[in-house]
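Every chain is numbered from 1, with letters handed out A, B, ... down the list of sequences.
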Number of protein chains: 2
Amino acid sequence: MKKRLNQSLSRKSTDFLNPLLTVDVVIFTVRNHTLETLLIQRAKPPFAGSPALPGGFLLTGENTRRASERILQDKAGVSGVYMEQLYTFDDLDRDPRGPVFSVTYFALVPEKDIVISETRTTETPHFSPVHCLPKLAFDHNEIIQTARGRLRSKIGYTNAAFSLLPDNFTLAELHYTYEAILGRRLDRRNFNRKLRALNLITATGEKTLGGKHRPATLYQFTHRDLELLPEPLL
Amino acid sequence: MKKRLNQSLSRKSTDFLNPLLTVDVVIFTVRNHTLETLLIQRAKPPFAGSPALPGGFLLTGENTRRASERILQDKAGVSGVYMEQLYTFDDLDRDPRGPVFSVTYFALVPEKDIVISETRTTETPHFSPVHCLPKLAFDHNEIIQTARGRLRSKIGYTNAAFSLLPDNFTLAELHYTYEAILGRRLDRRNFNRKLRALNLITATGEKTLGGKHRPATLYQFTHRDLELLPEPLL
DNA sequence: TCAAAAGTGTTGTGTGTACACCCATGT
DNA sequence: ACATGGGTGTACACACAACACTTTTGA
């Protein structure tokens, strides 16, 4: 890898320059009623020791989506979850080594599906709340803020938030998932009524058990895949 | 250029592959009450002779935005107009030469500002309505459809459409600009009232002259730069 | 019987929508 | 005077926001 880096970065091109390309993935989940994202600890320079988004270069025969899926599988142990391309970051000095552009993706993962790989202990992958992030490597703070903004607006007109929940869930879980993403309170009754009216969820007939309170009915999504809502939700 | 292409595309990399990067720009304008986009005729293979979006490789020291601005200046003779990154297209077989990804942008240009360069007669740059496009080179049809979708939703919650109009304009012009982008009719009176209520436009006091009908009052935008609307427009 | 969360209805206010008529100009 | 597009006002329906009480469970 180092060989290729040097090769590309030290090339004295008179006219054309082809930058290197990486992918970075913002892996969102809702945990403890909070929107969190997966970070790793960088093992190598640049920014060795800094927290950063999981990412890396493309392998032969991969496009950026495939590479992101591989990273998602490697770091969080999930596949088949919702993921969309976010933006391509291309500041010439975002990487001290030279022009390295990053095509970024964000993924939505239910907390229960995540299996953090413990094989690379040096990387110490962990989740961190997005509302109080430390200083990250490269422009990764900006990337996460962009992803958060996109997610916020997206749950207003699609059922994207569903990808953060397990197959069966209560209205309360759905409710605090939305609150965590938006960062503000929503009226519980209006929210529940709206979702039921839109016919997006169906009661399974089952109920939660084991709580210190009245059991809640479990719901599932009428359609599992992403779709535009017939009318805006927020 | 051909040399660099061969160099990159024939490289036998065992692990990592760095694709080539191009930019393509969707230049929108509203002409004849219709949303149109600038196309060129490809002079060289692949797809020689096919219509295509203006685009090209990056020059040394350019990021993708800068390259897009250069192309916009070269082909349409404008600068300083609204432009935003659209999406990065990365199908491995979108270019028959091998992995060439394209970072795409779309620009909004008032019709009057456009000066099509006639220097490269082989390219025959011209505007074409987006609702009846021919088969284009590469995945450029898909790119334009993506851009159209983005523009459509964007004018619903920002003042982006303003970038398609000159400094002074009538309510009728603003109205058909929205209709052209959305591809459907909007009630004229409700539309006008809404825009005035949002305080986005101010009457200049001037009036149009020379029409065969009652003169229309000319307006200008309260704020020239892009901003989110306080409430959704559509 | 108490705490904790689930579940259910109503009402007022505001916003979108549909719609019809008069006005100013050129010919 | 007539054709053409510019400009204005109203009424109805619906969606949203605000809000309080009852129910079911475990402790």
Side-chain angles (χ1 to χ4, degrees), chain A residues 30 32-34 153 155-157 165-166 168-180 182-220 228-234, chain B residues 30 32-34 152-153 155-157 161 165-166 168-180 182-220 228-234:
Chain A
V30 172
N32 311 324
H33 297 207
T34 310
S153 56
I155 62 167
Y157 60 95
L165 289 165
N168 294 314
F169 56 91
T170 65
L171 283 179
E173 290 170 328
L174 185 56
H175 181 232
Y176 73 67
T177 297
Y178 270 85
E179 289 188 333
L182 294 172
R184 64 184 168 91
R185 312 299 306 241
L186 297 172
D187 185 273
R188 180 171 58 93
R189 295 154 294 198
N190 293 333
F191 179 81
N192 292 358
R193 180 182 17 205
K194 181 102 193 202
L195 278 161
R196 251 176 296 193
L198 286 175
N199 205 34
L200 297 170
I201 54 178
T202 22
T204 62
E206 306 285 310
K207 300 231 167 219
T208 54
L209 14 123
K212 304 182 211 283
H213 49 77
R214 178 174 177 176
T217 60
L218 284 167
Y219 289 83
Q220 59 189 192
L228 289 169
L229 302 182
E231 50 171 320
L233 185 58
L234 314 168
Chain B
V30 172
N32 311 323
H33 297 207
T34 310
R152 258 209 276 254
S153 55
I155 62 167
Y157 60 95
L165 290 165
N168 293 314
F169 55 90
T170 65
L171 282 178
E173 289 170 328
L174 186 55
H175 181 231
Y176 72 66
T177 298
Y178 270 85
E179 289 189 333
L182 294 172
R184 65 186 169 90
R185 314 298 307 242
L186 297 172
D187 186 273
R188 180 170 57 94
R189 296 154 294 200
N190 294 332
F191 179 80
N192 292 359
R193 179 182 20 202
K194 183 99 193 204
L195 277 162
R196 252 176 295 194
L198 286 176
N199 205 34
L200 297 170
I201 54 179
T202 22
T204 62
E206 306 285 310
K207 300 232 168 218
T208 53
L209 13 124
K212 306 182 210 282
H213 49 76
R214 177 176 176 175
T217 59
L218 284 168
Y219 289 83
Q220 59 188 191
L228 288 169
L229 303 182
E231 51 171 319
L233 185 59
L234 315 168

Sugar-phosphate only, base, or nothing, as touched by T170(A) at under 4.0 Å among non-hydrogen atoms: nothing
Residue list, ring pair (Phe, Tyr, Trp, His ring centres under 6.0 Å) with F169(A), at least two apart or on another chain: F221(A)
Positional range of nucleotides in DNA chain C within the contact set of chain B, heavy-atom, under 4.0 Å: dG16(C) to dG26(C)
Whole-Å gap separating P (dC16(D)) and CZ (F191(A)): 13 Å
For R214(B), all residues meeting side-chain hydrogen bond (donor to acceptor under 3.5 Å, both in side chains), sequence neighbours excluded: none
Where D187(A) and H175(A) come nearest, the two heavy atoms and their spacing: C-NE2, 4.2 Å
Partner residues of R188(A) under the side-chain hydrogen bond (donor to acceptor under 3.5 Å, both in side chains) criterion, sequence neighbours left out: none
Value in whole Å for how far the C1' atom of dA17(D) lies from CG of N192(A): 15 Å
side-chain contact (heavy atoms from CB on, under 4.5 Å) partners for T204(A), two or more places apart: N168(A), E206(A), L218(A), Q220(A)
Distance below 4.0 Å between T217(B) side-chain N/O and dG7(D) OP1 or OP2: yes
side-chain hydrogen bond (donor to acceptor under 3.5 Å, both in side chains) involving R193(A) - partner list, sequence neighbours excluded: N190(A)
Residues in side-chain contact (heavy atoms from CB on, under 4.5 Å) contact with A216(A), at least two apart in sequence or another chain: T170(A), T208(A)
Protein-to-nucleotide contact annotation, 5' to 3' order, nucleotides 19-27 of chain D [B base; S sugar-phosphate only; - none; under 4.0 Å, heavy atom]: BB--BBBS-
Length of the CG-C1' vector between L218(B) and dG7(D), whole Å: 15 Å
Pairing residues for R185(B) by the side-chain hydrogen bond (donor to acceptor under 3.5 Å, both in side chains) criterion, not counting sequence neighbours: E179(B)
